[in-house]
Amino acid sequence: MTKDTWGRVQQDLLKAVGKNNFVTWIEPMEFDGVENGIARFLVPTNFIGNWVSRNFGEQIQHHFSRAGAPVERIEFSVAADRPAKAVDLDADDPAPEPKAERAAAKPATNGHASASGRSSVSRQASGGSGIELPGAPLDKRFTFDSFVVGKPNELAHAAARRVAEGGPVSFNPLFLYGGVGLGKTHLMHAIAWHLHTTRPELRVVYLSAEQFMYRFVQALRENSSMQFKEMFRSVDVLMVDDVQFIAGKDSTQEEFFHTFNALVDQNKQIIISADRAPVEIKKLEERIASRLQSGLVVDLHPTDYELRLGILQHKVDQYRESYPGLRIQDGVLEFLAHRISTNVRVLEGALTKLFAFGSLVGREITLELTQDCLADVLRASDRKVTVEEIQRKVSEHYNMRLSDMIGPKRHRTIARPRQMAMYLAKKLTSRSLPEIGKRFGGRDHTTVMHAVKRIEELKAVDNQIAEDLELLRRMLEA
């Protein structure tokens with residue numbers, strides 16, 4: 001059988017499995033001939049061979065038969081001494097996740113991906129080992145150019161830029177943390193895109209902690225632990241998103257710890273993100289938390305009004321390409337920046353909905369139209385934090401009884417959290433000092449004043465109190 005026959009089979013498979021599946025799984029295979037009814041293929045990794053065998057094996061046999069060359073069995077072997085083919089993922093169909101995470105892709109020359117994104121994996125230039133590395137898709141929208149910088153994210157942006165620009169590793173790891181929708185994933189993708197563009201010879205892997213765990217469990221199941229170790233310890237830059245996911249998963253934490261140490265020992269850059277600081281991730285091993293804090297730990301603070309307005313203005317400039325004739329009344333963006341304050345994703349989603357609605361009805365986007373169109377979003381954003389909710393959250397955070405929060409005990413382990421709860425009640429609610437004091441066991445308003453003043457003083461000199469306050473505020477406003 002000639003390779004022309006395999007070419008015809010490939011064309012049939014492309015139609016049968018879709019473009020994305022084809023370029024991800026079929027195209028990386030190299031046809032190695034047929035002998036005694038067995039079709040043999042060379043594949044970059046065992047993972048690809050196993051996946052193709054399980055999911056497309058029967059289809060491949062069927063299309064060989066249609067091409068006049070029936071085969072009884074398909075076998076795969078790893079092309080150990082041959083460079084793996086780069087796979088272009090300019091595809092229309094979404095890739096199957098998480099079972100079929102995308103194979104390595106060619107670095108985008110302009111820092112952007114196709115509409116469906118590309119794999120976040122860069123491989124060695126010619127002369128490299130050609131090892132296939134697993135990665136998650138990158139979002140073409142998440143570049144440094146599209147990241148709006150403000151005071152709350154200024155340090156995180158500067159640190160991400162420094163890492164992306166390369167050179168000697170000055171802080172390792174870079175640990176980014178913050179609440180939902182504050183830009184952690186955006187910065188991670190931006191770093192990967194920048195490295196793809198400026199240093200394509202580097203092996204850069206971006207994936208979620210969940211995908212790391214999935215790969216590890218799969219390696220254990222398939223008795224390929226050594227291949228897994230070699231794969232992840234051969235990278236130049238490892239980026240793991242949402243690392244809090246591995247907390248409590250002992251075997252995965254063990255492997256992550258050893259991978260982390262191996263890369264640091266080789267002076268390879270590691271970039272990690274999470275929803276909270278390392279020491280605040282419950283069930284995360286102490287040695288891992290300690291390691292994660294050994295580099296630069298940067299908090300992405302909740303957005304302020306100026307940053308939210310800047311994000312909206314940036315989005316409007318982008319949307320004008322899709323809605324060139326749409327008009328937006330002065331004051332609308334300022335209104336949205338004031339009213340939707342907890343989550344940038346919600347803010348951007350509201351603007352998208354507003355522009356789509358304005359385009360469909362063919363009207364100028366006025367303040368009245370905005371209030372009608374986004375009534376549900378605005379109601380959700382109007383959720384008020386209560387004193388009782390603050391008391392409950394603070395009690396849970398400090399592992400104390402709620403009754404002690406409002407009771408007479410004055411021991412420091414109770415009095416300090418009580419003062420912090422009073423401080424948060426003053427800052428996050430519209431209640432007066434006497435009303436707050438009443439909800440704390442009928443205390444006088446001067447007690448609340450003293451608590452607020454004391455916490456103001458302490459947070460300026462005590463980093464732990466400052467971090468606790470910030471974490472509690474994010475939880476209450478989420």
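Keep in mind that what you see is a predicted model, and the values were worked out from it rather than measured.
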>> Parallel, tilted or perpendicular, judged at 30° and 60°: which one describes the rings of H157 and F147?
In response: parallel
>> Between Y214 and F245, is the ring centroid distance below 6.0 Å?
In response: no
>> Measuring centre to centre across the rings, with the benzene-like ring taken for any Trp, is F232 within less than 6.0 Å of F212?
In response: yes
>> Does E456 form a salt bridge (charged side-chain N to carboxylate O under 4.0 Å, His left out) with K427? I'd like the steps, not just the answer.
In response: CA-CA 11 Å; E456 285 280 8; K427 296 297 181 180; 3.3 Å; yes
>> In the structure I gave you, are the side-chain heavy atoms of Q11 and H63 within less than 4.5 Å of one another anywhere?
In response: no
>> Quick test of your reading of the model: are K393 and E388 salt-bridged, counting only N-O distances below 4.0 Å?
In response: no
> Without hydrogens or angle criteria, can the side chains of S146 and H186 be said to hold a donor-acceptor pair below 3.5 Å?
Replying inline: yes
> Is any side-chain N of the basic residue among R203 and D236 closer than 4.0 Å to the acidic one's carboxylate O?
Replying inline: no
>> Is a donor from one side chain sitting under 3.5 angstrom from an acceptor on the other, for D241 and Y206?
In response: yes
> Ion pair present between E470 and R473, side-chain N to carboxylate O less than 4.0 angstrom?
Replying inline: yes
>> So that I can tick it off, tell me whether R215 and E222 are bridged by a salt bridge, with the cut-off set at under 4.0 angstrom between side-chain N and carboxylate O.
In response: no
>> Under a 3.5 Å cutoff, is there a donor and acceptor pairing between the side chains of E435 and S432?
In response: yes
>> Ignoring hydrogens and geometry beyond distance, is a side-chain donor-acceptor pair present between D468 and Q464 at under 3.5 Å?
In response: yes
> Are R276 and E280 ion-paired here, with the side-chain N under 4.0 Å from a carboxylate O?
Replying inline: no
> Looking at side-chain heavy atoms only, is the closest gap between L300 and L155 below 4.5 Å?
Replying inline: no
> Can you check whether F64 and W6 have ring centres sitting under 6.0 Å from each other?
Replying inline: yes
